[in-house]
Amino acid sequence: TVTYTKVASLLCRVNKVDKALLLVKEMKENGVVPNMFTYTMLIDTFCKVGLIEQARKWFDEMIAGRCFPDVVTYTTFLHGYLKMGKISEANDLFEHMVAADCAPNVVTYTVLIDGHCKAGDVQTATQIYSRMREKELFPNVEIYFQKIKSYGIEPNVFTYCALIDGLCKAKKHEEAHKLWKAMLEAGCKPNDIAYNALIDGLCKAGQVGEAQNVFLKMSEDGHTPDVYTYSSLIDGLLKENNLDTAFNVLSNMVHNGCTPNVVTYTEIVDGLCKAGKTEEAYKLFTTMQEKGCPPDVITYTAMMDGLGKEGKIDQAIELLELMAKKSCAPDSLTYTVLINHCCRVGKLSEAQKLLQ
RNA sequence: GACGGAGAAAUAGGG
């Protein structure tokens, strides 16, 4: 069972899900019984590719086979529902878990906090966090704390990160900052991701200078800024029109051995367009592929928007054709951008064609 | 019988 599960897990990790499924079938045919690890791995895999119904089948099969899900299985499945924004299904599953006398752990609560944040309900997320630590009651979140005897479920760095990020994205920067301090007071050491979340939050709050201070402190603390760190800073600088500093950060980044990726390049393409430097943006757009970093749908859309704003609709539409050639699928935002620009300059028949 | 071996969570870009 261990061997089959390990191999199937590796196959899933390299996106060979079909091969993994064949292996599980073979395993069963040979009389080897899948266990919790096998099922949890399968549920996780299907959740991550968005096939939650398939995940449900494995979940039901495991219970039918009297292999009862443990906290990892439930948490994996909860994560799947929450990532798809299916809060009420997640709540039902949570009830199932409670009924099975399976106690949630810090990962379960972190998943719930992250899920509620991403569903736009930071208040509930904050209440879950508070309720983990204190006896204070919050009627909305009591469903997550049934049969819980101890109130001392210690949040860890994942928990803090999830909530700090959620608070920042909800523009509750004060509260995010307080939580950062609470994390330090609780003796929880920030890791790279925590610093990155804070830096990004500060950038988005328009406090890029403060973000740069945190950047320095991060390095002093022995953490290495990565592509997320640099990309957050670069985007923050570009959005406040500080192109020179943004390019300085970019060259520091490269100098420190951190390779810009498609996100970094897209930020710069977009920043240049928004600064009216569409020519330069286009140059970068064409050179990025030479550097082994092909543009994706977001890069294309940013570039098209830049061209459209200059009234270069034909060039923008050429890019749409180029996308097709590179088999990069446009999304609804790509079309929205193009159609808007066509309408703006009165090319209604072009717009009509795009709409079809 | 013990121990060990496989499964879950958080951060950056486009109107």
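In the text below, chain A, chain B and the rest are named by the order of the sequence lines, each starting its count at 1. No experiment lies behind these values; they were computed from the predicted model shown. Side chains included, hydrogens not; waters and symmetry mates left out as well; all remaining heavy atoms used.
- Using a 4.5 Å heavy-atom cutoff, the side chains of A:Cys12 and A:Met41 are in contact.
- Computed from coordinates, the A:Leu78 CG to B:rA10 P distance equals 13 Å when rounded to whole Å.
- Contact annotation: A:Lys309 side-chain N/O to B:rG14 OP1/OP2 distance is not under 4.0 Å.
- Here B:rU11 presents its P atom at 8 Å from OH of A:Tyr228, a figure rounded to the nearest Å.
- Under the 3.5 Å distance criterion, with hydrogens and angles disregarded, no donor-acceptor pair is assigned to the side chains of A:Asp44 and A:Thr76.
- At the heavy-atom level, A:Lys239 lies under 4.0 Å from the strands shown only through sugar-phosphate atoms.
- Formation of a donor-acceptor pair under 3.5 Å by the A:Lys204 side chain with backbone atoms of A:Cys168 is not found in this model.
- Between A:Tyr300 and A:Phe285, the ring centre distance stays below 6.0 Å.
- Taking the six-membered ring for Trp and the full ring otherwise, A:Phe77 and A:Tyr39 have centroids separated by 6.0 Å or more.
- Taking side-chain N and O atoms only, A:Lys204 has no distance below 4.0 Å to OP1 or OP2 of B:rU11.
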Scan nucleotides 2-8 of chain B nucleotide by nucleotide, 5' to 3', and note B when protein non-hydrogen atoms come under 4.0 Å of the base, S if they reach only the sugar-phosphate, - if neither. ---BBBB

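- Atom CG of A:Leu238 and atom C1' of B:rA12 are 12 Å apart (whole Å).
- Here the P atom of nucleotide B:rU11 and the CG atom of A:Asp165 are 5 Å apart, to the nearest Å.
- Judged by distance alone, the side chains of A:Asn91 and A:Tyr81 never bring a donor and an acceptor atom under 3.5 Å apart.
- The OH-C1' distance, from A:Tyr160 to B:rU11, rounds to 18 Å in whole Å.
- Residue-to-nucleotide contacts include no donor-acceptor pair under 3.5 Å from the side chain of A:Asn156 to the base of B:rA10.
- In this model, a donor atom of one side chain and an acceptor atom of the other lie less than 3.5 Å apart for A:Asn30 and A:Tyr4.
- Remark: P of B:rG14 and CG of A:Leu307 are 17 Å apart, rounded to the nearest angstrom.
- In this structure, A:Asp296 atom CG and B:rG13 atom C1' are separated by 8 Å, rounded to whole Å.
- Among the protein residues, A:Val269 comes within range of no part of the nucleic acid, since none of its heavy atoms lies under 4.0 Å from any strand.
- No N or O donor and acceptor, one from the side chain of A:Asp226 and one from the base of B:rA12, sit under 3.5 Å apart.
- Taking atom CG of A:Leu198 as the reference point, atom C1' of B:rA12 lies 14 Å away to the nearest angstrom.
- Side-chain contact between A:Lys83 and A:Lys48: absent, with no pair of heavy atoms (C-beta onward) separated by less than 4.5 Å.
- When distances run from any side-chain atom of A:Lys274 to the nucleotides B:rG14, B:rU11, B:rA10, the shortest one goes to B:rG14.
- Counting any heavy atom pair closer than 4.0 Å across all strands shown, A:Asp235 reaches sugar-phosphate atoms only and no base atom.
- If you check every strand for non-hydrogen atoms under 4.0 Å, A:Val262 touches a base.
- Counting distance only, with no hydrogens placed and no angle test, the side-chain atoms of A:Thr299 and the base atoms of B:rG14 include no donor-acceptor pair under 3.5 Å.
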